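These notes are about the structure you will find just below.
Only a predicted model underlies this, so the values are computations on that prediction, with no experimental measurement involved. Naming convention: chains lettered A, B, ... in sequence-line order (proteins, then strands); numbering from 1 in each chain.
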Amino acid sequence: MSKPEQKSSLDVPIRSPKPGGIAMRAMAANTAPYLEGLNAEQREAIEALEGPVLVLAGAGTGKTRVLTTRLAHLLKLGLAQPRQILAVTFTNKAAREMKHRISTLIGSTVEGMQWLGTFHSISAQILRRHAELVDLKSDFSILDTDDQIRLLKQLIAAHNIDAKRWPARQLAGFIDNWKNRGLTPDKVPAGEGHAFANGKGAELYAEYQQRLKTLNAADFGDLLLECLRIFQEHPDVLAEYQSRFTHLLVDEYQDTNVVQYLWLRLLAQSHRNICCVGDDDQSIYGWRGAEVDNILRFEKDFPGAKVVRLEQNYRSTPHILAAASALIAHNEDRLGKTLRTDLNDGEKVKVRGLWDGEEEARLIADDIENLQREQQNLNEVAILVRASFQMREFEERFITLGLPYRVIGGPRFYERMEIRDALAYLKIVSQPDHDLAFERIVNTPKRGLGDATLKSLHEHARARNVPMVQAAREIVETDELKPRARAALQGLIDNILRWRSLIETTPHTELAEMILEESGYTDMWQRDKTAKAEGRLENLKELIHAMGEFDTLAGFLEHIALVMDTSSDEAEEKINLMTLHSAKGLEFDVVFLPGWEEGLLPHQRPLDEFGRVGLEEERRLAHVGITRARFDLRISFAANRRIHNLWQNAMPSRFLDELPEEHIDVENTQSAYGAHDGFRANQPGSRTQPFANTYDTPGWQRAKAAQTTGATQQRKPVTIDGELLATNDPDTSDFSLGERIFHQKYGYGLISSINGNKLTIDFDKAGRKRVLSNFVERT
DNA sequence: CTGGAGGATCTTTTT
DNA sequence: GATCCTCCAG
């Protein structure tokens with residue numbers, strides 16, 4: 001790659017005082033308009049440009065502003081060229097926003113900011129430059145989760161492991177987890193390697209890595225892990241980057257996992273100008289390997305680090321802020337911050353209980369229509385859910401009412417079947433050894449090339465150690481295949497080779513259209529008369545359109561591998577619908593938080609698997625939700641909810657109890673518990689008596705009061721109370737191996753292993769689960 | 001051997 | 001509601 005460029009696109013004055021010198025700084029400090037209106041702490045965080053800095057920034061305290069202003073300041077003072085700054089974020093959205101805001105601040109585009117991006121995209125860049133050091137070619141392809149699973153399925157099948165009992169998904173989860181912790185196959189702790197398929201876990205992991213190399217491919221985890229390996233094993237390469245990056249900026253530091261942490265620490269070691277911004281109360285990616293500890297040990301890793309706390313909240317009204325603070329105060333594992341605001345009181349937080357999820361969707365939609373009448377901009381209205389299945393009810397309601405909405409981070413465009421198929425065609429043309437792409441399209445549309453053909457292709461490819469397309473070319477020359485299959489395969493290969501020959505000469509959008517046409521793929525959907533086919537054809541057009549924004553096919557493919565989100569039409573006025581996770585970093589005037597029920601928020605699974613730690617992460621999730629709202633926050637819970645077609649009833653979330661009463665308005669919810677019209681009362685499971693006592697009177701106060709009565713306790717789903725911890729202490733469980741037990745959610749099962757109070761149980765119906773012993777009872 | 005139909009099992013969160 | 005998987009007919 002080229003040396004840092006001489007000419008900066010920034011308007012750094014030519015005849016300026018010495019960059020970073022006292023005169024220059026004084027000038028900037030006095031004149032820089034972007035420093036105006038900052039509070040003392042923000043300014044402190046921005047101006048401490050040398051040495052390690054940790055900024056603990058509560059929700060709504062101007063974190064992004066600090067980060068971007070700091071970067072702009074750095075550039076304006078001439079302390080660093082754009083190319084010398086490494087700025088990492090977690091999401092593409094955050095990276096985009098940062099770029100945008102910096103260019104606004106410094107009044108020009110930031111052309112040179114090549115190293116501003118997500119951990120993954122930056123790692124990919126570095127990895128491409130040094131791919132050969134880890135047995136890859138620089139044009140390696142990036143596998144998405146789907147490819148990954150299919151590959152693992154093949155491996156599992158090859159080992160004659162029962163795929164039912166040991167799903168590829170689970171193995172993918174293990175591998176991902178290992179990679180997040182920086183563990184290459186040889187470093188996987190023996191116990192964990194054995195957790196999958198009776199001891200085959202680590203072995204399968206090693207084999208998987210081997211397959212990736214032959215496929216010239218890397219998965220998401222590899223982007224970071226392999227990059228880290230290069231740094232660790234090649235000091236010369238590391239030194240190059242250490243000296244290149246004079247300044248490091250890290251957003252959402254509380255979400256970094258072990259690999260990312262090691263990666264950052266190595267890169268920061270030489271200049272030690274690293275600034276990390278984070279909020280331990282917003283750490284919601286523990287399940288993805290995030291280590292809140294990283295934030296706690298910052299001062300140890302970088303002695304003499306300056307720590308700045310941002311506690312002035314500019315976003316939410318006092319009621320909302322008070323609700324958030326009271327809730328999060330129930331967490332033990334936190335550094336502790338006290339947010340304050342100067343805003344006026346505004347309205348209290350509204351809480352309402354409802355009959356079921358459908359009613360919840362209906363009333364929220366009604367609320368939104370009212371807001372709309374009051375001229376509330378819908379772009380400033382958001383519904384934040386815990387799990388994506390909750391979105392459906394809202395979508396259905398909005399569609400019937402004709403309310404415009406957008407789903408952020410939902411089922412993604414690039415994950416749709418037809419798009420993935422089309423992309424597979426493009427990949428096999430652009431990346432000759434992309435076997436997985438080839439396998440995907442070899443019989444789509446149907447060409448009469450089934451399992452048997454595929455099997456001989458596999459064997460051929462494996463035996464000769466060549467990519468599948470090459471194997472196919474060889475095999476059609478023999479009479480190994482039956483005439484029909486042979487002809488079909490011949491036709492496909494001819495097409496692929498021809499398309500490849502056109503890659504240099506044909507514009508890529510045109511080529512893509514040609515491929516979809518000639519392969520018979522568009523035909524396939526045109527012949528399909530089901531309701532969805534039309535939409536799929538639309539999506540294919542949309543895909544071609546999206547390609548137009550890129551110069552090359554390869555560039556486009558790289559983009560979609562790393563930037564899975566499609567920038568949605570922010571121009572139009574629409575309600576925002578998304579998960580709590582994807583809401584982090586955003587803010588809205590009005591926020592709806594539906595589904596505050598035990599089992600959903602907090603979700604049952606983290607409770608079962610991680611005990612108190614899981615509960616605290618759920619609480620942080622709730623906290624993130626609350627703090628997204630500027631002045632109008634409405635929380636709701638439903639007594640009944642349909643979860644995969646079964647009606648289940650639920651208690652209100654314990655988090656509701658943790659909200660301070662003086663800041664809450666409990667809505668009179670007569671409609672929820674009072675008179676029901678016949679049809680809803682007839683829904684399966686809906687009218688069983690459990691809620692008779694709890695809800696026969698309006699208002700949540702009663703529900704709350706009833707929660708403490710013995711009668712309610714019995715029906716309450718068995719969940720942990722705040723004190724319970726997962727432990728490895730052998731004395732904490734009085735269960736024994738092979739014992740038959742009962743679990744409220746999973747039913748009956750046998751204990752297959754015991755580790756402290758953590759049991760692994762083979763359930764009759766639910767399969768193997770890890771559960772804390774307190775949730776099971778003897779039969 | 002391939003393709004279609006009907007069945008079981010799902011769903012926490014994401015780069 | 002959907003996808004994945006298994007089984008059966010052509």
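- Residues A:Arg612 and A:Asp333 are paired through a salt bridge, judged by an N-O separation under 4.0 Å between the basic side chain and the carboxylate.
- In this structure, the CG atom of A:Leu562 is 14 Å from the C1' atom of B:dT14, given to the nearest Å.
- OP1 and OP2 of B:dT14 both lie 4.0 Å or more from every side-chain N or O belonging to A:Thr91.
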In sequence, state the C-alpha distance, the side-chain angles, and the governing distance for A:Asp147 and A:Arg150, and then conclude on salt bridge (Lys or Arg N to Asp or Glu O under 4.0 Å). CA-CA 5 Å; A:Asp147 290 330; A:Arg150 282 192 302 148; 3.1 Å; yes
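- Both geometric conditions, a ring-centre gap below 5.5 Å and a plane tilt below 30°, are fulfilled for A:Trp287 over the base of B:dT13.
- The nearest whole Å value for the distance from the OH atom in A:Tyr285 to the P atom in B:dT14 is 6 Å.
- How far CG of A:Leu183 is from CG of A:Asn177: 8.0 Å, rounded to the nearest 0.5 Å.
- Side chain of A:Asn294 to main chain of A:Thr256: a donor-acceptor pair is present (N/O by atom type, distance under 3.5 Å, no hydrogens or angles).
- Side-chain atoms of A:Glu396 and A:Glu358, non-hydrogen and from C-beta on, never get closer than 4.5 Å to each other.
- Within residues 252-261 of chain A, no residue has any heavy atom under 4.0 Å from DNA chain B.
- In this entry the distance linking CD of A:Gln170 with P of B:dC10 reads 12 Å, nearest Å.
- Remark: P of B:dT15 and CD of A:Gln148 are 14 Å apart, rounded to the nearest angstrom.
- Between the CZ atom of A:Arg288 and the C1' atom of B:dT14 there is a distance of 5 Å, rounded to whole Å.
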Taking only N/O atoms, report every protein-nucleotides 2-4 of chain C pair under 3.5 Å with atom names and distance.
| from | atom 1 | to | atom 2 | distance (Å) |
| --- | --- | --- | --- | --- |
| C:dA2 | OP1 | A:Lys532 | NZ | 3.1 |

Nucleic acid footprint by protein, nucleotides 1-6 of chain B - heavy-atom cut-off 4.0 Å, B for base, S for sugar-phosphate alone: SSSS--
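- Residue ring and base: A:Phe389 does not count as stacked with B:dT11 (centre distance below 5.5 Å and interplanar angle below 30° not both satisfied).
- Following rounding to the nearest Å, A:Leu224 (CG) and B:dT14 (C1') show an atom-to-atom distance of 14 Å.
- Side-chain rings of A:Tyr285 and A:His581 approach one another, their centers coming within less than 6.0 Å.
- As rounded to whole Å, 20 Å separates atom P of B:dT11 from atom CG of A:Leu580.
- Distance A:Met578 CE to B:dT13 P: 15 Å, rounded to the nearest Å.
- Of the possible polar contacts, one joining the A:Asn257 side chain to the A:Gln260 backbone as a donor-acceptor pair under 3.5 Å is found.
- A donor and an acceptor atom, one from each side chain of A:Gln390 and A:Glu360, are nowhere located under 3.5 Å apart.
- One finds no salt bridge joining A:Arg181 and A:Glu291 here, because no Lys/Arg side-chain nitrogen approaches an Asp/Glu carboxylate oxygen to under 4.0 Å.
- Atom-to-atom distance recorded for A:Ile419:CD1 and A:Leu540:CG is 5.0 Å, nearest 0.5 angstrom.
- The closest side-chain heavy-atom distance from A:Leu264 to A:Phe119 is below 4.5 Å.
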